[in-house]
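Count residues from 1 along the sequence. Note that the structure is predicted; figures quoted are calculated from it, not measured.
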Amino acid sequence: MDGRTMINTPDTDTVQQAYARDGVVLLRNILTDDWLNKLRDAVDEEVKKGDRYFAYKNMREKPGIFQDYCLNSDIGKRVAEVAGSPWTSLIYDQIFVKEPGTRTQTGWHTDQPYWPVAGPIMTMWIALDPVDPDNGALEFVRGSHAWGAKYRPFKTDQLGKFLHYLEEDNPDYIDMPDFEADRTKYDIFHYEQMEPGDALAFDGMTVHSAMGNRTSTRRRRGYAVRFAVEGATYEPRDSVTEWLHDDDLKPGAPFAGGRFPVIYSNT
């Protein structure tokens, strides 16, 4: 790990340069205490359902705290600032909770193959608890967003462990390299410490994973919100993304409107 992409100031130029270079940047303290407490409570209520690890998604389409945060906070403006975009549209939100003793590593992957979108997209992964390598820090392959590789999406088990590939006959995708078996070949890094309210902004094509939670007492609650920015288009290309399709948008149209409202615009 190093500090090249750790941003502690509101220097927009520095943030944009780090994001463009590395495909990920750490933003400190993006939540007010009020939003932090509300999101923690809302996450705790949602996970009472006992669903599989990746199942807690798209809560923002129902009235409540998640929708309020996505539509009424400053998150859209922050995304636009990092991406250097004049507008931001909302794709969906998702909860990632690794309870104490959940040692399963989230497999290496990129996000974009799971969504009906082409072009630039961004995830804001917000820490609701302290996050470090012991309880589930995210890891990234620096600069992988610029490789031009489209890695095949895959199915996971209840805890997020790899089961099998999807779209196996689709020539647009290639299998994910075994980054874990050959870590020294790649520039893999993580941030040693995230505090509650910190966020990781990362590109939809950045290869990433998450460590298991090796602790016996410390939760790791993460809340991720996905966004499209200028240049993103609607591409309902495969069955993996059916749950996010919108018949009101035409293929190739800007990824904005319908189910995906523009939540920030500087025009």
Undergrad: Donor-acceptor pair, Q16 side chain versus E81 backbone, under 3.5 Å?
TA: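 Between the backbone of E81 and the side chain of Q16 there is a qualifying donor-acceptor contact (under 3.5 Å).
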Undergrad: Between the side chains of Y223 and D93, does any donor sit under 3.5 Å from an acceptor?
TA: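 Per modelled atom types, Y223 and D93 side chains form a pair under 3.5 Å.
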Undergrad: At what distance, to the nearest 0.5 angstrom, does NZ of K38 lie from CG of L31?
TA: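 Output value for this atom pair is 12.0 Å.
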Undergrad: Do you know which two heavy atoms are closest between G231 and P120, and how far apart they sit?
TA: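 Looking at all heavy atoms of both residues, the shortest contact is C-CD, 3.5 Å.
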Undergrad: Below 4.5 Å, heavy atoms only, C-beta onward: do I30 and I75 meet side chain to side chain?
TA: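 A side-chain contact exists here, since the closest heavy-atom pair is under 4.5 Å.
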Undergrad: Does the distance from a Lys or Arg side-chain N to an Asp or Glu carboxylate O, for R219 and D129, drop under 4.0 Å?
TA: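 Result for this pair is no, no salt bridge flagged.
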Undergrad: I would like to know whether W125 and F96 meet side-chain contact (heavy atoms from CB on, under 4.5 Å); could you show each step before the answer?
TA: CA-CA 9 Å; W125 194 100; F96 297 106; 3.7 Å; yes
Undergrad: Which atom names give the shortest non-hydrogen contact between P236 and P116, and what distance separates them?
TA: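 Closest approach of P236 to P116: CA-CB, 3.8 Å.
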Undergrad: Roughly how far, to the nearest 0.5 Å, is the NE2 atom of H145 from the CE atom of M205?
TA: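 With rounding to 0.5 Å, CE (M205) is 10.5 Å from NE2 (H145).
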Undergrad: Side chain of E235, backbone of W115: donor and acceptor closer than 3.5 Å?
TA: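 Side chain of E235 to backbone of W115: no pair is present.
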Undergrad: Which heavy atom of H245 sits nearest to which heavy atom of R259, and what is that distance?
TA: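 The pair with the smallest heavy-atom distance is O-NH1, 2.9 Å.
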Undergrad: Report yes or no: do K98 and T104 form a side-chain donor-acceptor pair below 3.5 Å?
TA: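 No - no donor-acceptor pair under 3.5 Å links their side chains.
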Undergrad: Just say parallel, tilted or perpendicular for the rings of Y114 and H109, cut-offs at 30° and 60°.
TA: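 Perpendicular.
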Undergrad: In Å, rounded to the nearest 0.5 Å, how long is the span from CD of E99 to CG of N135?
TA: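 Nearest 0.5 Å value for the CD-CG distance: 11.0 Å.
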Undergrad: Hydrophobic clustering (ILVMFWY, side-chain heavy atoms < 4.5 Å, transitive) - are M124 and M59 grouped together?
TA: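 Yes, M59 and M124 fall within the same hydrophobic cluster.
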Undergrad: Tell me, do I121 and I91 make a side-chain contact under 4.5 Å, heavy atoms counted?
TA: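 I121 reaches I91 side chain to side chain.
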Undergrad: Check whether any side-chain heavy atom of Q105 sits under 4.5 Å from a side-chain heavy atom of E180, and report yes or no.
TA: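 Heavy-atom side-chain distance check passes, below 4.5 Å.
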Undergrad: Evaluate side-chain contact (heavy atoms from CB on, under 4.5 Å) for D175 paired with Y151, printing each intermediate quantity in order.
TA: CA-CA 6 Å; D175 292 351; Y151 294 121; over 6 Å; no
Undergrad: Do R226 and V117 have side chains that approach each other closer than 4.5 Å (heavy atoms only, starting at C-beta)?
TA: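 No; the side chains remain at least 4.5 Å from each other.
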Undergrad: Where does the angle between the aromatic ring planes of F179 and W108 fall among parallel (under 30°), tilted (30 to 60°) and perpendicular (over 60°)?
TA: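 Answer is tilted, since the angle falls between 30° and 60°.
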Undergrad: Could you tell me whether the side chain of R218 reaches within less than 4.5 Å of the side chain of D134, counting heavy atoms only?
TA: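 Yes, side chains in contact.
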Undergrad: So which atom in V82 and which in Y19 form the shortest heavy-atom distance, rounded to 0.1 Å?
TA: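 Of all heavy-atom pairs spanning V82 and Y19, the closest is CG1-CG, 3.6 Å.
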Undergrad: How about Y92 and W243: are their ring centres within less than 6.0 Å of each other?
TA: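 Here the rings of W243 and Y92 have centres that are less than 6.0 Å from each other.
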Undergrad: Is the count of non-hydrogen atoms from other residues, nucleotides or ligands lying under 6.0 Å from D247 atom CG greater than 12?
TA: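 Not buried by this count: 12 neighbours or fewer within 6.0 Å.
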Undergrad: Should the ring pair Y191 and F140 be called parallel, tilted or perpendicular, given that the plane angle runs from 0 to 90° and is split at 30 and 60?
TA: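 Perpendicular, since the angle between the ring planes exceeds 60°.
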Undergrad: Does any N or O in the side chain of S144 come within less than 3.5 Å of the main-chain N or O of V141, such that one atom is a donor and the other an acceptor?
TA: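 At least one qualifying donor-acceptor pair exists.
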Undergrad: To the nearest 0.5 Å, tell me how far D172 CG sits from K150 NZ.
TA: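 NZ of K150 is found 4.5 Å from CG of D172.
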Undergrad: With a 4.5 Å heavy-atom cut-off, do T206 and T110 have their side chains touching?
TA: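 Of all side-chain heavy-atom pairs linking T110 with T206, none is under 4.5 Å.
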Undergrad: Do T123 and V225 touch side chain to side chain, with heavy atoms closer than 4.5 Å?
TA: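 They are not in side-chain contact.
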Undergrad: Which pair of heavy atoms, one from A201 and one from M122, lies closest together, and at what distance?
TA: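 Nearest pair, atom of A201 first, then M122: CB-SD, 3.9 Å.
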Undergrad: Would L138 end up clustered with M211 when hydrophobic side chains under 4.5 Å apart are linked, directly or stepwise?
TA: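 Unlinked, L138 and M211 end up in two clusters.
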Undergrad: Give a yes or no on whether F189 and M194 share a hydrophobic cluster (residues Ile, Leu, Val, Met, Phe, Trp, Tyr; joining criterion: side-chain heavy atoms under 4.5 Å apart).
TA: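 Both belong to a single hydrophobic cluster.
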Undergrad: Quick check, are the ring centers of Y69 and W35 under 6.0 angstrom apart?
TA: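 Under 6.0 Å, so yes.
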Undergrad: I'd like to know if K48 and D44 make a salt bridge, using a cut-off of under 4.0 Å between side-chain N and carboxylate O.
TA: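 Result for this pair is no, no salt bridge flagged.
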Undergrad: When you look at V79 and I263, which way does the side-chain contact (heavy atoms from CB on, under 4.5 Å) test go after all the steps?
TA: CA-CA 10 Å; V79 169; I263 60 171; over 6 Å; no
Undergrad: When rounded to the nearest 0.5 angstrom, what is the spacing between CD1 in I95 and CG in N58?
TA: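 If I round to the nearest 0.5 Å, the distance is 11.5 Å.
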Undergrad: Checking the side chain of S209 only, and the main-chain atoms of E139 only, is there a donor and an acceptor separated by less than 3.5 Å?
TA: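 Looks like no, no N/O pair under 3.5 Å.
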Undergrad: Between CG of L244 and CZ of F260, what distance do you get to the nearest 0.5 Å?
TA: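 It is 5.0 Å, given to the nearest 0.5 Å.
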Undergrad: Could you tell me whether a side-chain N or O of D11 sits under 3.5 Å from a main-chain N or O of T14, the two making a donor and an acceptor?
TA: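 Side chain of D11 to backbone of T14, a donor-acceptor pair under 3.5 Å: yes, one is there.
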Undergrad: Run D203 and V24 through side-chain contact (heavy atoms from CB on, under 4.5 Å) and show every step you take.
TA: CA-CA 6 Å; D203 188 278; V24 56; over 6 Å; no
Undergrad: Give a yes/no verdict on a cation-pi contact between R60 and F66, requiring under 6.0 Å between NZ or CZ and the six-membered ring centre and an angle within 45° of the axis.
TA: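 The answer is no, since R60 fails at least one limit relative to F66.
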Undergrad: Heavy atoms only: give me the nearest P196-L36 pair and the separation to one decimal.
TA: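 Distance-wise, the nearest heavy atoms are CB-CD2, 3.9 Å.
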Undergrad: Cluster question for you: counting only ILVMFWY and a side-chain heavy-atom cut-off of under 4.5 Å, with indirect links fine, are L90 and V262 together?
TA: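 No; V262 is not reachable from L90 via cluster members.
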Undergrad: Give a yes or no on whether the backbone of A80 and the side-chain of S85 come within a donor-acceptor separation of less than 3.5 Å.
TA: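 Side chain of S85 to backbone of A80: no pair is present.
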Undergrad: Are the side chain of T88 and the backbone N or O of Y264 linked by a donor-acceptor pair below 3.5 Å?
TA: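 Pair absent, no side-chain N/O of T88 close to backbone of Y264.
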Undergrad: Using atom types as modelled and distance alone, determine if a side-chain donor or acceptor of N213 lies under 3.5 Å from a backbone N or O of T102.
TA: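 No, the answer is negative, given that no donor and acceptor are paired below the 3.5 Å cut-off.
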Undergrad: Given side chains that start at C-beta, do those of Y56 and K49 come closer than 4.5 Å, heavy atoms only?
TA: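 Heavy-atom side-chain distance check passes, below 4.5 Å.
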